[in-house]
Amino acid sequence: MQIAQKWLAEKTNQLVLFLLVGGLLFRSFLAFSVYPTFDEAYYYLYSLHLDWSYFDHPFLVALTTGFGPWLTGGVVSQFTIRMGAIICYTGSLLLLYLTSKRLFSAHAANLTLAIATICPIFQVTFGILSLPDSPLMFFWSASLYCAANEFFRQPGNQESCSSNLYVPSYRLAILGILVGLACDSKYHGFVLGVGLIGFCLTSPRYRCVVRSPWAWLGLSLFIITISPIVFWNIQHDWVSFRFQSERAVPKSGYNLLSVVSVFFLGIAYLFPTIGFPLWWVSLRQAVSRTNELFYQKRKDLDASVLLILWVSLPIIFGFTFIGGYRQILPAWTMPGFWGTTLLLGQQAVIWQEKSKRSVRRWLLGSGIAVSSMLLIVLLQITTGIMQKPSQYALMGGFLPPKNDPSTELIDIEQLRRGFAESPVLSAALHNSSFIFTNRYYLGGPIAMSLKPLADTPITCFDIGKDLRGFAFWSKPGQWLGKDALYITTAPFNLRKDLMANYRSYFSSFNEIETIPIRRGGVVINVVYVYQAKTLLKPYPRSYGI
């Protein structure tokens, strides 16, 4: 207790606690309020079909998404499926802070923590939504912290070496496990491992790592740690590796304008007051370290910067380059920017020496702007403050529901009530052997909505044959001769090709109920429920590649 009081007596430590706890509470509020995204709900299905790995991603996202429902005894909501992500991100922030403190200074660590806490895409992608990025960034941060402790030990430590001598230690074995767990979260983790190897090979002081028994032990532990995803892929003809690797293969010509679009879109998601400085400090340090590489001049501080660049730039530049021939999701480059936040925090220390007030205004203004923006988005998604019409619209609103992509999100509470309050749907639900929908991403929200009402299995019959994980969670002939419910949303209900396709697989296929989804007192979407009697033949399976 006395140690804690002494630690809190320092203003800098009070700031650290405020950022960690305040950020945790703010993200928890958003996680409690925002409807589940399609990806999150889809990963909830992972937690219902636990396996060594999955078609889209490795297995850790199933554990982080299922953590909340398991902890609460089966309560399924947007908040419970996000509990694992919220906890992981708080740990990631703490590890990032400790890494900056080890590599640079406590002052730089405070500023790094502030920047990472403010950045909107970090908050949303890593810290609110239950995505593979959440465990990825936790183990990515843990790997970076472990590497900082291994390669840059504190002076006075018995394990520390002279400025010209480095002796590998047991931490290399731990590092192998941590990088393996990052790979078990998302395949980005392999790039992290390559970056760490690249750092050692381009640093004369650390090249002895390749001859160290600790490094070979770390490699062995890494292979053991990733063995679940390798084992699963061997069983399934390497389908997951093939699916992800084919995304990097060009299928059209290269477009430089698309690269520029990826660049500016990334800055927008980072928020311009943070995005532009991150790119500037990354490019500046990359050019500086490249020059030093040719002249073989490195100090300890320069080596720490080189470590950050090696684990960050391959992700940033690699996916930005790929953006020239395929669509890039903004989250794909963000692990790289997470690392360069360390560089921006150190640069902010230099800026503070010139104008402390300017840096304070920069961070405070960015924090207020980002928080306000996120709250406005929250209110629009949940109440429709910009929607026209809406009973909660400000100044009458201006955005018609048909032009608002957020209307595609499904309020699982409304859908749950619709089934619970309808005698027709309740009876049909309990009399059906399975439920199917027409898109793999619709299966998650439906499963979350119906979990307390029934445990009816859910699958996907996609006319485009992109079943993703559903191709592995049931067998083609499993429900032959059985009755089903078909559930879809308004955009797909008018598809005559879908209706004709499904009628050819069942003896009868009829609409039995509709459930309106309202926002601001206005119907913004409709869920359609069909009774499908007697499955006549197995529906074709495909992996979507």
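Between D39 and Y441 there is no side-chain heavy-atom pair separated by less than 4.5 Å. You'll find the side chain of R519 reaches within 4.5 Å of the side chain of T407, heavy atoms only.
The distance from the OG atom of S433 to the CG atom of L535 is 10.0 Å, given to the nearest 0.5 Å. Distance check, rounded to the nearest 0.5 Å: CZ of F337 to CD1 of I315 gives 11.0 Å.
Of the N and O atoms on the side chains of T488 and R439, not one donor lies less than 3.5 Å from an acceptor on the other residue. N493 and Y530 form a side-chain donor-acceptor contact under 3.5 Å, judged by distance and modelled atom types alone. Residues T273 and S366 have side chains that bring a donor and an acceptor to within less than 3.5 angstrom of each other.
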- Message: Working note: S240 + Y187, criterion side-chain hydrogen bond (donor to acceptor under 3.5 Å, both in side chains); need CA distance, chi angles, decisive distance, verdict.
- Response: CA-CA 10 Å; S240 182; Y187 293 128; 2.7 Å; yes

- Message: For D56 and Y46: C-alpha separation, side-chain torsions, deciding distance, then whether side-chain hydrogen bond (donor to acceptor under 3.5 Å, both in side chains) applies.
- Response: CA-CA 10 Å; D56 316 74; Y46 278 22; 2.9 Å; yes

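Taking the six-membered ring for Trp and the full ring otherwise, F321 and Y254 have centroids separated by under 6.0 Å. Ring centroid separation for the pair F243 and F55 comes in under the 6.0 Å cut-off. Ring to ring, F276 and W279 are not that close: their centroids are 6.0 angstrom or more apart. Within the 6.0 Å centre-distance limit, the rings of Y486 and F436 are counted as a close aromatic pair. For W338 and Y89, the gap between ring centers is short of 6.0 Å. Aromatic rings from F470 and H49 are positioned such that their centres are separated by 6.0 Å or more. Ring to ring, F509 and Y505 are not that close: their centroids are 6.0 angstrom or more apart.
Sorted by first and then second residue, the pairs that involve residues 367-383 and meet side chain to side chain donor-acceptor pair (under 3.5 Å), not counting sequence neighbours, are Q380-D404. Screening residues 128-139 for side chain to side chain donor-acceptor pair (under 3.5 Å), with sequence neighbours left out, gives T65-S130, D133-K186.
With sequence neighbours excluded, no residue forms a ring pair (Phe, Tyr, Trp, His ring centres under 6.0 Å) with F138.
The environment of CZ in F32 is sparse: at most 12 heavy-atom neighbours from other residues, nucleotides or ligands sit within 6.0 Å. Counting heavy-atom neighbours within 6.0 Å of F18 CZ, excluding the residue itself, gives a total of 12 or less. Summarising the local packing, CZ of F434 is surrounded by more than 12 heavy atoms from other residues, nucleotides or ligands at distances under 6.0 Å.
In summary, R468 and D462 do not engage in a salt bridge, as defined by a charged side-chain N under 4.0 Å from a carboxylate O.
No side-chain donor-acceptor contact under 3.5 Å links S185 to the backbone of L60.
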